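Fair warning: this is a prediction, and the values are worked out from it, not measured in the lab. Any value given below was found using the heavy atoms of this structure, including those in side chains, with hydrogens, waters and symmetry copies removed.
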Amino acid sequence: MADLPKTYDPAAVEPKWYARWEESGSFRADTHSPKPAFSIVIPPPNITGILTLGHVLNTTIQDILARRARMQGFEVLWLPGTDHAGVGTQTAVEKHLRKTENKTRHDLGREEFLRRVLDWQDKHGGIIIQQLKRLGCSCDWSRQRYTFDDDYVRAVETVFVELYRKGLIYRGRRMINWDPAAQTALSDEEVIAQPQKGKLYYVRYEIVEEPGKHLEVATTRPETIMADTAVAVHPEDPRYRHLIGKNVWRPLAREKLPIIGDEAIDPKFGTGILKVTPAHDKVDFEIGVRHSLPVIDGLHPDGRINCPAVPELDGLDRFVAREKAAELLADLKLLTKAEPHENSVGFSQRSEVPIEPRLSEQWFLRYPQTKEALDVVRDHLIRFFPAHWEKVYAQWLENIQDWCISRQIWWGHRIPAWYRGDETLVQLESPGHDWQQDPDTLDTWFSSWLWAYETMDAETRRKFYPTSVLVTAPDIIFFWVARMIIAGLEFKPGKTPAIEDNIPFRDVFFTGLIRDKQGRKMSKSLGNSPDPLDLIAKYGADGLRFGLMRIAPSGQDIAFDEKQIEEGRNFATKLWNAARFRQMHGPSEAAPRLDESSLSIYSIEVLARLDASIDEIKGAYDGYRFNEVARVLYDFFWGDYCDWFVEAAKTDIFAEDPARKVSTLAVMDHALSAVLRLLHPFMPHITEELWSVMGFGAGTIQFEPLPEPLRIKPGVAWGRMRMVYDTVQAGRNLRAESRLPSSMKVDFVLQNSANWIAEELPTMKRLLNAEAITVDPHYQATSGVPLATGSFGKLFLLIAGGDAEAERVRLDKEIAKLESELRTVEGKLSNTSFVDRAPAAVVQEHRQRKADFSDQLAQLRQARAAMD
RNA sequence: GGGCGGUUAGCUCAGUGGUAGAGCGGCUGGUUUACACCCAGUAGGUCGGGGGUUCGAAACCCUCACCGCCCACCA
């Protein structure tokens, strides 16, 4: 048995064990294993991403589940990989290009740009994998996958072709969300509505048939007036219904527009009249379809105005044009007013600019299996933790719209569609040299939704699909979770066609979001996201993991505080030192023998509490309450085991009776061994190190079975132990209330007649730091003796050496305190700049205090001298 | 507009019908032979407001307020 160093050094221990685990193939999943299967696929981080606290939370939970499953005897597959992250990666490379070469991707051309992306990927890709390893993640790295692996790409394309042939994927000219910065279409999910302060402009449109009379229209977007093709009122609106069928003059790019009636108009908003701009608004587009209105596209793809008829506006950025259009209208005396107005504007999730609703030719998916996807969650074939996410999920599926899957970016899976003139072919291979492939790529999520099974070969799938649990953040419940469920149900990759064999996972655990202390989301731009690698350097991976898990309540947001990580580190140190203490008293037993008849009451107590903790931990795991598991382990180990049991056990350990010592050390071994195993999923490195040093098992802790409760029966021990602890607590309290230094030796008298107490007196003396404890059922105290009453009877505190000794101690304290204060004052007064510059009154006050302190001190010293 | 979370000690959070808890921070005391990344003690809370159910509510019901999130075509 090696000696344990005085302090635990995670930086040395953690990488050592990780390397050994990898070398020994501990994380490898065996498809031929007879053990039952447990599997998780990692939510693939972006290939060029770096580790965030969110990843730490997410992957620590997965690691905990995987490691626990191994100890429970499952064959575990934790399948890792990365995502090519289409828009995200492309944006990063474009930004870099602009900064270093002042070029856009169009300057380079598609081929060269993609070469640059691959360079970028080679340079930055995979960093996050190394970081995950540093955290201790027990993924089967031999199976690492990438959404851009050749066969994965082929699978994505095949799915596209298949869905096209089923008629579920189609190409159409429809209203989509256009990102003018990235210049690509986006799905509805990639648009984030944000309240925006703007103005509501009231614009007068002259009625053609009634010259001089106007209709007033309220709009937030005067720059799109040139693309108006009608004005609309509610057909029942008494103010305006007689005007339906007449016309107005469009105030910019003057043109005759019909006044139409449509139910979609809210008579209570603004003036109750809507300008209809079918090319630039979803509602307007639908109105346009109902009334066969022409569609005028008044914007360039980059968001500039496209309207040569109004040269003042043509070519201006849309937001500049908004101001300018208002000015033009004001000049024409057609702007009545502009009042402040707050409305909700859709922003691109990626480029953070307002999206532009735009009519565009794109590829769409009509979602299959939506009803089935609802059913599997509602019927709990797939269980959500916490369950309230079921409602959010259902709400989305019930209102689902077709998914715009084509993107006008270059980094991604190419759409397998081929064109020649008016002909279109959808197939994997090019039909011939005179055919042009569709230039667009697919939404990244169109590849991610196959992740749960396309990362596995047929054999692996037979053993490990469906996966046991998915651990993810709730912000991708629609992007990923829901779509994976749909993909599983649609493509049926399972071993039989049965629904339960094809859902991608049985449980979904939604983590919380990590926020900073002010409750803000962690973000790069705010700079409020600590680098997990720094935290690992400071506190160790185990400390970070445990600290984070202890404050991560199921599914609730977490306010991050580095203090919590520090506590995780402290807990690791505590564990280390408790093991050191055990080790100092001889070698541990791998299989300690516990003879129930010879156990001390403290042993029985700690074993019973261990039993209870094991039960609580199991219950907490069943509900994915990881913070509860961590809390139970922390409380049991630090409180029950270290603070009470070890301290009480010292009586036996330092005493002469070998039988009691052996028994107590056996209990320590049992408890430590159990704690190490229970803790291993949370703190894999230190537990492995201690397991090995203590010699609890011949090999790695990773596959050791978890401890089972002994079902120890406390009998009379519990009551006795409780009484001892109560006495100790009361005695410590007495001592503190009497303001005695904790180092000062004191005597206690316990007024109690139980004869078993004699046996426990040495332990009570130790815990109370008492010189002596006398048991006397008939003790008569003189008045004024401090006393406590409780289950133990009465406890009296006697100062060894009598009251005089107590007084001596008290005086020494006060003298020391006064001396210190006096030094402070004298220090100030000897500082010339203080004496010269401070207000005279302040200096005077200090002099007074110096005099007072000196007087008091003299008196105290005199009194103290008189006692000797 | 609809939905979902949350509001408990200075801070971060536990606690789902039975005497308000932990850690940190504060204060007091401590070189007790595992650990100062520690030990002992202690102060601090009309559990967001109001109403109701109950012998009893932090917890259950109603309502309001505030914070956060999600969904939604009010220009």
Which whole number of Å gives the distance between the [atom1] atom of [N] and that of [M]?
N       : M       : atom1 : answer
rG50(B) : rA57(B) : C1'   : 15 Å
rA9(B)  : rC13(B) : C1'   : 11 Å
rC47(B) : rA22(B) : C1'   : 16 Å
rG18(B) : rG29(B) : C1'   : 37 Å
rU31(B) : rG23(B) : P     : 23 Å
rG3(B)  : rA72(B) : C1'   : 11 Å
rC11(B) : rC64(B) : C1'   : 28 Å
rC66(B) : rG52(B) : P     : 23 Å

Next on the checklist: Can you list everything that forms a ring pair (Phe, Tyr, Trp, His ring centres under 6.0 Å) with His685(A)? Sequence neighbours excluded, please.
Outcome noted: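 Trp21(A).
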Between [atom2] of [N] and [atom1] of [X], the distance in whole Å:
X         : N       : atom1 : atom2 : value
Arg625(A) : rC13(B) : CZ    : C1'   : 16 Å
Phe285(A) : rC73(B) : CZ    : C1'   : 13 Å
Glu339(A) : rA75(B) : CD    : P     : 13 Å
Phe637(A) : rC35(B) : CZ    : P     : 14 Å
Asn627(A) : rG15(B) : CG    : C1'   : 11 Å
Lys275(A) : rC73(B) : NZ    : P     : 19 Å
Asp475(A) : rC70(B) : CG    : P     : 8 Å
Phe510(A) : rC70(B) : CZ    : P     : 14 Å

Item to check | Enclosure of Lys199(A) NZ (heavy-atom neighbours >12, cutoff 6.0 Å) | outcome: no
Next on the checklist: Whether Arg204(A) and Glu216(A) form a salt bridge (side-chain N of Lys/Arg under 4.0 Å from carboxylate O of Asp/Glu) is what I want to check.
Outcome noted: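 So Glu216(A) does not pair with Arg204(A) through a salt bridge.
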Between [Y] and [X], do the side chains contain a donor N or O and an acceptor N or O under 3.5 Å apart?
X         : Y         : result
Tyr602(A) : Glu647(A) : no
Glu616(A) : Ser613(A) : no
Arg569(A) : Tyr8(A)   : no

Next on the checklist: As a test of understanding, state which of Trp403(A), Trp445(A), Trp396(A) forms a side chain to side chain donor-acceptor pair (under 3.5 Å) with Glu189(A).
Outcome noted: Trp396(A)
Between [N] and [X], is there an OP1 or OP2 to side-chain N/O distance shorter than 4.0 Å?
X         : N       : value
Lys391(A) : rC4(B)  : yes
Asn570(A) : rC38(B) : yes
Lys268(A) : rG1(B)  : no
Gln564(A) : rG23(B) : no
Trp638(A) : rC39(B) : yes

Just compare [options] and give me whichever is closest to any side-chain atom of [X].
X         : options                   : result
His388(A) : rA75(B), rC4(B), rC37(B)  : rC4(B)
Val283(A) : rA72(B), rC73(B), rC38(B) : rC73(B)
Asp266(A) : rC74(B), rC35(B), rG3(B)  : rC74(B)
Thr220(A) : rC37(B), rG23(B), rA75(B) : rA75(B)

Next on the checklist: Using the rule given for ring pair (Phe, Tyr, Trp, His ring centres under 6.0 Å), can you reason through Phe654(A) versus His585(A), listing the C-alpha separation, both sets of side-chain angles and the distance that settles it, and then say yes or no?
Outcome noted: CA-CA 9 Å; Phe654(A) 293 130; His585(A) 300 99; 5.6 Å; yes
Item to check | For Thr224(A), side chain to side chain donor-acceptor pair (under 3.5 Å) partners two or more places apart | outcome: Lys275(A)
What does [X] touch in the nucleic acid at a heavy-atom separation under 4.0 angstrom: a base, only the sugar-phosphate, or nothing?
X         : value
Arg732(A) : sugar-phosphate
Asn343(A) : sugar-phosphate
Ile477(A) : nothing
Tyr202(A) : nothing
Lys650(A) : base
Gly272(A) : base

Pairing partner (Watson-Crick or G-U wobble, both distances under 3.5 angstrom) of [N]:
N       : value
rA36(B) : none
rC73(B) : none
rA65(B) : rU7(B)
rU12(B) : rA22(B)

Checklist entry - When you measure from every atom of RNA chain B, which of residues 639-647 of chain A have a heavy atom less than 4.0 Å away? => result Cys642(A), Asp643(A), Val646(A), Glu647(A)
Item to check | For Asp652(A), side chain to side chain contact (heavy atoms under 4.5 Å, CB included) partners two or more places apart | outcome: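 Applying side chain to side chain contact (heavy atoms under 4.5 Å, CB included) to Asp652(A) gives Ser600(A), Arg660(A), Thr664(A).
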Next on the checklist: Suppose we screen for side chain to side chain contact (heavy atoms under 4.5 Å, CB included). Which residues come up paired with Arg174(A), at least two apart in sequence or across chains?
Outcome noted: Tyr170(A), Phe364(A), Asp402(A)
Contacts under 3.5 Å, N or O only, protein and nucleotides 16-21 of chain B:
none

Item to check | For Leu274(A), the option from Val233(A), Ile287(A), Val217(A), Val231(A) that meets side-chain contact (heavy atoms from CB on, under 4.5 Å) | outcome: Ile287(A)
